[in-house]
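Here is the structure we will look at.
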Amino acid sequence: MYRVKRAGGGHSAFRQEDGRSTSQMERLSALHRAIERGELRLYFQPKVNAQSRAVVAHEALLRWVRPSGIVGPLDFIPLAESSGLILPIGRWVLREAVDVLRTGRLQEVCVNVSALELRQADYVDHLRSLLEESRVAPRQLWLELTESSLLEPRFVPVLQELKVLGVRTAMDDFGKGYSSLMSLVSLPIQMVKIDRSFIEGIGEDTPDQQRALEVVRGIVALATAYGLPTVAEGVETPEQANLLTKVGCTELQGYLFGRPEPLS
Ligand code: C2E
Ligand code: MG
Ligand code: MG
Ligand code: MG
């Protein structure tokens with residue numbers, strides 16, 4: 001087990017020994033050095049079929065492994081995005097994930113992609129050549145995109161290109177923020193990940209929890225009507241797993257089935 005250190009708790013990646021917060025410039029150069037020193041690592045968390053509970057794929061989750069401890073992506077992805085460093089980081093993540101597939105260490109991998117990466121005009125071409133060079137089947141790779149990025153109309157042709165290539169896409173964190181049910185059914189995506197905030201609320205017999213379950217039931221029903229499989233993220237208890245299976249979720253992911261871990 002490992003603990004991800006979070007900002008604000010006094011253990012941030014960017015807090016100095018004396019407790020002083022580091023400047024934006026210092027934080028940025030620390031992240032630059034992390035890339036150069038190879039301190040970024042991919043951890044992998046399994047996803048299971050809800051019915052059989054067999055592992056069907058693994059999600060790649062970025063970690064910054066520092067001598068002082070492991071830093072989670074919420075602590076450095078925002079800086080990476082605002083500085084543009086997310087572009088080289090994202091390319092490294094893709095290359096690493098494809099290499100894990102090429103060497104047969106995993107059969108199917110889901111990679112988180114930020115909107116900035118997808119905005120690069122050569123994104124799909126780059127991905128296509130990476131897969132070709134490595135002789136990895138496009139169907140072994142999924143891209144997870146958050147709804148806010150998927151709602152930019154300019155991404156529709158990109159999603160279409162990915163679909164033609166055979167790389168599948170999932171809408172991550174569905175239901176968080178300004179979700180539109182219509183975006184679910186109008187976009188060329190292949191999977192819906194239901195946000196952990198709904199799953200957290202499921203499992204005990206209180207009115208709030210009943211409501212959370214009904215919301216999930218509704219999302220699953222709509223997705224299913226349009227032929228879209230669903231995955232529930234953040235499943236932590238057997239009760240949640242059983243209720244989610246009962247309402248028809250296709251897949252389940254969460255600490256109950258496995259935490260993100262480095263490949264041995
Ligand atoms: P996400 O894609 O929605 O990933 C799910 C997050 O929930 C992960 O946090 C995972 O460790 C955590 N999680 C999984 N199961 C459980 C559970 O049962 N209970 C609880 N409490 N949490 C669970 P993590 O690894 O800190 O990642 C946070 C976010 O950072 C991700 O959210 C994703 O949006 C982003 N991210 C991670 N890796 C990358 C990457 O390589 N590139 C980009 N652009 N973003 C990334
Ligand atoms: Mg994800
Ligand atoms: Mg998610
Ligand atoms: Mg999430």
Side-chain angles (χ1 to χ4, degrees), residues 1-7 9 12-13 31 34-35 39-48 55 57-65 69-98 100 108-120 123 141-150 168-177 179 189 191-203 219 230-241 244 249 251-262:
M1 277 234 305
Y2 66 92
R3 301 257 309 278
V4 170
K5 296 181 175 177
R6 299 210 174 278
S12 162
L31 190 52
I35 300 169
E39 289 179 351
L40 297 185
R41 299 283 156 73
L42 289 185
Y43 278 40
F44 291 90
Q45 184 183 33
K47 224 170 54 148
V48 304
V55 173
H58 289 79
E59 178 174 5
L61 294 159
L62 197 53
R63 298 288 181 267
W64 176 0
V65 181
I70 297 166
V71 184
L74 299 177
D75 269 354
F76 64 88
I77 295 266
L79 179 65
E81 289 185 331
S82 63
S83 62
L85 270 184
I86 193 67
L87 300 183
I89 291 176
R91 290 207 172 199
W92 177 83
V93 168
L94 270 185
R95 216 176 326 116
E96 193 72 7
V98 167
V100 163
E108 204 167 302
V109 169
C110 313
V111 166
N112 292 284
V113 176
S114 99
L116 286 161
E117 297 175 62
L118 215 58
R119 271 184 214 150
Q120 300 167 98
Y123 188 79
L141 185 68
W142 287 82
L143 302 183
E144 297 191 0
L145 305 153
T146 55
E147 186 176 44
S148 53
S149 54
L150 286 173
R168 288 171 289 177
T169 51
M171 183 182 288
D172 207 346
D173 301 337
F174 183 79
K176 184 177 165 179
S179 294
I189 55 169
M191 173 82 79
V192 178
K193 289 194 93 163
I194 303 167
D195 193 60
R196 177 156 62 85
S197 55
F198 295 107
I199 313 309
E200 264 171 6
I202 291 175
I219 295 171
T230 48
V231 50
E233 63 175 25
V235 181
E236 294 185 356
T237 70
E239 292 73 32
Q240 290 170 342
L244 291 161
C249 277
E251 295 173 3
L252 308 173
Q253 186 179 21
Y255 295 166
L256 179 65
F257 304 102
R259 290 182 177 253
E261 306 266 11

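All ligand and atom numbering here is 1-based and tracks the order in the structure.
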> Is there a nitrogen or oxygen of Pro73 sitting under 3.5 Å from a nitrogen or oxygen of ligand 1?
Replying inline: no
[atom1]/[X] to [atom2]/[Y] distance, rounded to the nearest 0.5 angstrom?
X      : Y      : atom1 : atom2 : answer
Ile194 : Phe174 : CD1   : CZ    : 8.5 Å
Ile77  : Ile86  : CD1   : CD1   : 4.0 Å
Ile189 : Trp142 : CD1   : CH2   : 9.5 Å
Leu42  : Leu61  : CG    : CG    : 8.5 Å

>> Using the side-chain contact (heavy atoms from CB on, under 4.5 Å) criterion, which residues pair with Ser197? Sequence neighbours excluded.
In response: Asp195
Would you mind listing which atoms of ligand 1 come within a distance below 4.0 Å of any non-hydrogen atom of [X]?
X      : result
Val93  : 41 (O)
Gln45  : 14 (C), 15 (N)
Glu117 : 44 (N)
Leu74  : 28 (C), 29 (C)
Val235 : 18 (O)

Decide yes or no for [X] and [Y]: does some side-chain heavy atom of the first lie under 4.5 Å from some side-chain heavy atom of the second?
X      : Y      : result
Glu117 : Arg91  : no
Lys193 : Glu144 : yes
Val109 : Phe44  : yes

>> Does this structure show an ion pair linking Glu233 with Lys176, if we count only N-O contacts that are shorter than 4.0 Å?
In response: no
> Salt-bridged, Lys47 to Glu59, with N to O below 4.0 Å?
Replying inline: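 Here Lys47 does not pair with Glu59 in a salt bridge, since their nearest N and O are not under 4.0 Å apart.
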Winner among [options] once heavy atoms are compared against [atom]:
atom                    : options                        : result
atom 3 (O) of ligand 1  : Asp173, Thr237, Leu42          : Asp173
atom 17 (C) of ligand 1 : Lys176, Arg259, Glu236         : Glu236
atom 40 (C) of ligand 1 : Leu94, Ile89, Leu40, Asn112    : Asn112
atom 44 (N) of ligand 1 : Cys110, Gly234, Ser114, Gly258 : Ser114

>> Among the N, O or S atoms of Glu59, which one sits nearest to the Mg ion (ligand 2)?
In response: OE2
>> Which atom name would you report as the N, O or S atom of Glu144 nearest the Mg ion (ligand 2)?
In response: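 Result for Glu144 and the Mg ion (ligand 2): OE1.
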Measuring from non-hydrogen atoms of [X] to any atom of ligand 1, is the shortest distance under 4.0 Å?
X      : result
Gly72  : no
Arg63  : yes
Arg196 : yes
Glu59  : yes
Gln253 : no

Side chain, backbone, both or neither: which applies to [X] and ligand 1 if a contact is any heavy-atom pair less than 4.0 Å apart?
X      : answer
Leu62  : both
Pro260 : side chain
Asp172 : side chain
Leu256 : neither
Thr146 : neither

>> the Mg ion (ligand 3) and Asp172: any N/O/S contact shorter than 2.8 Å?
In response: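 So Asp172 counts as coordinating the Mg ion (ligand 3), yes.
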> Of the backbone and side-chain N, O or S atoms of Asp173, does one lie nearer to the Mg ion (ligand 3) than 2.8 Å?
Replying inline: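 So Asp173 counts as coordinating the Mg ion (ligand 3), yes.
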> Going through the distances and angles, do Leu79 and Leu31 end up as a side-chain contact (heavy atoms from CB on, under 4.5 Å)?
Replying inline: CA-CA 9 Å; Leu79 179 65; Leu31 190 52; 4.3 Å; yes
> Considering residues at least two apart in sequence or located in another chain, which fulfil the salt bridge (Lys or Arg N to Asp or Glu O under 4.0 Å) criterion with Glu236?
Replying inline: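 Not a single residue meets the salt bridge (Lys or Arg N to Asp or Glu O under 4.0 Å) criterion with Glu236.
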> Distance-only, no hydrogens or angles: does the Gln240 side chain make a donor-acceptor pair with backbone N or O of Thr237 under 3.5 Å?
Replying inline: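 Between the backbone of Thr237 and the side chain of Gln240 there is a qualifying donor-acceptor contact (under 3.5 Å).
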>> Please name the atom of Glu233, limited to N, O or S, that comes nearest to the Mg ion (ligand 3).
In response: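 Going by distance to the Mg ion (ligand 3), the closest N, O or S atom in Glu233 is OE1.
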> Do you know which two heavy atoms are closest between Gln45 and Gly258, and how far apart they sit?
Replying inline: NE2-O, 3.0 Å
> Trp64 and Asp75: side-chain contact (heavy atoms from CB on, under 4.5 Å), yes or no, with the steps?
Replying inline: CA-CA 9 Å; Trp64 176 0; Asp75 269 354; over 6 Å; no
